[in-house]
Amino acid sequence: MGTPLGAIYTTNITPDRETGIGNYTLADFDNAVRRGVRADGTRLYPAMPHPSYAKMSDDDIRALYDYFMNHVQPVSQSNRPADIAWPLNMRWPLAFWNAAFTRPGAYQAKTTGDDLWNRGAYLVQGPGHCGSCHTPRGVAIQEVALDEGDPRYLSGALLDGWYAPSLRNDHNTGLGRWTEEDIVSYLKDGRNQHGVVFGSMLEAFNNSTQYMSDTDLKGIARYLKSLPGDRMRDGEPWQYQPVAAATPRSAGQAIYAAQCATCHGADGRGRAEWIAPLAGASSLLAPDPASAINITLNGAGRVVADGVTDAYRMPSLRSKLSDQQIAEVLTYVRATWGNRAAPVTEQAVKALRAHTDPASPDPIILQMR
């Protein structure tokens, strides 16, 4: 897991007694998941989203403990230390971090929403830990908000080479144009009329959200659609604008015609639910172009819905296009069909090229059965 301080390697949480968590009691497990403290008293880096897991119910913690201890095969594999240099790798200051930035106590239902809304709020804030990616972080790398009481909650954030968009009702950069049914389809099928899962969300879909019950998905959709957008932050609402024939073409438009239009269309509208539209896409209207650069450079992984691998995927263009060409084509699509976003620089593309790799063309499913 890439962090501003260095790479953190996830640990063995199989019930192996020597290298995993096989010796953990239920109390030990609860302390690690909801409070970020290992059985030996060592603090966990908050890359482990215990500020969100703190809201999980006692029943869900017990169910997880039973699953890990009785339904996961133990594997003997030693853990790898994090690549965080001293003194930032010291863990005792995390006690003060936890005191300042976490809120103990399980989620309490609110009278402002019905049962479905509260179920969605619990899943988004707690076990789903959606804010870990979609909420901005402060100077101490903490999430600046943990629930809907703060308008910055789920308002979009940059993380590990991807820009996680707003999950609020922002018309341009969030879910303002999505219905509750659109959200359910995206989480259940990996695609809808607005886009197809990619980047970190691809992993979340392939391994998690598609297996959720319809009721839970509807609860998430109900909750997210209740979060107001911010017109001041989001700008004037996007409206589609057709492209007039341009003679001569700009460099970016020529590259788009040669490399992109076959799939995404000269009109930028994509191909129904199978190939994402670029016109009005939140990843292109976002203030930070990281996601657009990353997927253009590296392509997309394989969406695997209900055991079936998708037939289409965004290919990597890093070997076909230079940094300058990628900057030109992305500048074009971020300023066309009604899109209004800042140009992309060659330097921004170069920086991500150096720190990323092409997406795997092979299906990658991590879910344990």
Side-chain angles (χ1 to χ4, degrees), residues 1-3 5-108 122-123 125-133 140-143 146 160 200 203-204 206-209 211-212 216 364-369:
M1 305 175 70
T3 78
L5 304 181
I8 295 175
Y9 302 93
T10 52
T11 55
N12 185 346
I13 54 173
T14 73
D16 181 70
R17 290 186 175 274
E18 299 297 325
T19 62
I21 60 172
N23 293 317
Y24 273 48
T25 66
L26 174 59
D28 293 334
F29 182 82
D30 181 26
N31 213 27
V33 173
R34 292 200 285 192
R35 298 171 191 86
V37 182
R38 293 192 323 212
D40 63 3
T42 303
R43 297 275 173 177
L44 297 173
Y45 293 122
M48 159 68 173
H50 60 84
S52 297
Y53 292 164
K55 298 188 178 186
M56 293 180 66
S57 68
D58 292 346
D59 286 345
D60 280 354
I61 292 295
R62 281 191 290 267
L64 277 176
Y65 181 74
D66 172 70
Y67 171 71
F68 278 109
M69 295 301 171
N70 300 312
H71 303 280
V72 174
Q73 292 298 315
V75 175
S76 178
Q77 178 168 297
S78 298
N79 296 315
R80 180 175 175 178
D83 294 337
I84 300 178
W86 187 88
L88 295 177
N89 65 346
M90 293 190 298
R91 295 179 183 246
W92 63 266
L94 290 172
F96 300 100
W97 190 97
N98 288 345
F101 301 122
T102 63
R103 300 178 193 168
Y107 177 83
Q108 300 296 316
Y122 169 73
L123 291 170
Q125 295 174 25
H129 62 282
C130 302
S132 294
C133 290
I141 321 180
Q142 84 283 8
E143 295 168 51
L146 295 172
D160 202 17
S200 302
E203 299 174 12
N206 278 356
N207 301 299
S208 179
T209 63
Y211 302 104
M212 298 176 72
D216 281 352
I364 299 173
I365 294 295
L366 305 177
Q367 190 204 30
M368 294 176 286
R369 294 185 181 279

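Worth knowing before you read on, the calculation uses all heavy atoms, side chains too, and leaves out hydrogens, waters and symmetry mates. Along the sequence shown, residues carry numbers from 1.
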Test of understanding: with side chain to side chain donor-acceptor pair (under 3.5 Å), list the residues that count as partners of N79, not counting sequence neighbours. none
On the 0 to 90° scale, with breaks at 30° and 60°, tag the W92-F96 ring pair as parallel, tilted or perpendicular. perpendicular
Rounding to 0.5 Å, atoms CG (N70) and OH (Y65) come to a distance of 8.0 Å
side-chain contact (heavy atoms from CB on, under 4.5 Å), that's the test. Do Y45 and N89 meet it? Break it down for me. CA-CA 9 Å; Y45 293 122; N89 65 346; 3.7 Å; yes
Please find the pair of heavy atoms, one from P49 and one from S132, that lie closest to each other, and give the distance. CB-OG, 3.6 Å
Sorted by chain and residue number, the side chain to side chain donor-acceptor pair (under 3.5 Å) partners of T209 (sequence neighbours excluded) come out as none
Could you grab the distance from atom OG1 of T11 to atom CG of L44, nearest 0.5 Å is fine? 7.5 Å
Check ion pair K55-D60 (N to O, under 4.0 angstrom): no
Please tell me if the side chains of M1 and T10 come closer than 4.5 Å, counting only heavy atoms from C-beta onward. yes
R34 side chain reached by T102 side chain, heavy atoms, under 4.5 Å: no
Any side-chain heavy-atom pair of H50 and V37 under 4.5 Å: no
R35 and R43: which non-hydrogen atoms are nearest, and at how many Å? O-NH1, 4.3 Å
For Y9 versus A82, what's the shortest heavy-atom pair and its separation? CD1-CA, 4.1 Å
Starting from the C-alpha separation in whole Å, work towards a yes-or-no answer on side-chain hydrogen bond (donor to acceptor under 3.5 Å, both in side chains) for T42 and D40. CA-CA 6 Å; T42 303; D40 63 3; 3.0 Å; yes
Within this structure, what is the CG-CE distance for the pair N23 and M69, rounded to the nearest 0.5 Å? 8.5 Å
Evaluate the side-chain proximity of I141 to P46: yes if any heavy-atom separation is below 4.5 Å, no if none is. no
CD1 of I84 to CZ of R91: how many Å apart, nearest 0.5 Å? 7.5 Å
Closest approach of T19 and N12, non-hydrogen atoms and distance? OG1-ND2, 3.0 Å
Does any part of the side chain of L26, heavy atoms only, come nearer than 4.5 Å to the side chain of I61, both counted from C-beta? yes
Give the minimum heavy-atom separation between P15 and V72, together with the two atoms involved. CG-O, 3.2 Å
Nearest-0.5 Å distance that lies between atom CG in D83 and atom CG in L5: 11.5 Å
Would you indicate whether the side-chain heavy atoms of L146 and Q125 approach each other to under 4.5 Å? no
Are F101 and E143 close enough, and set up right, to give a side-chain contact (heavy atoms from CB on, under 4.5 Å), and what steps lead you there? CA-CA 8 Å; F101 301 122; E143 295 168 51; over 6 Å; no
So does A27 get a backbone contact from the side chain of D30, meaning a donor-acceptor N/O pair under 3.5 Å? no
Report yes if the side chains of P127 and Y122 come closer than 4.5 Å at any heavy-atom pair, otherwise no. yes
Got a second to check how far C130's SG is from L123's CG, nearest 0.5 Å? 8.5 Å
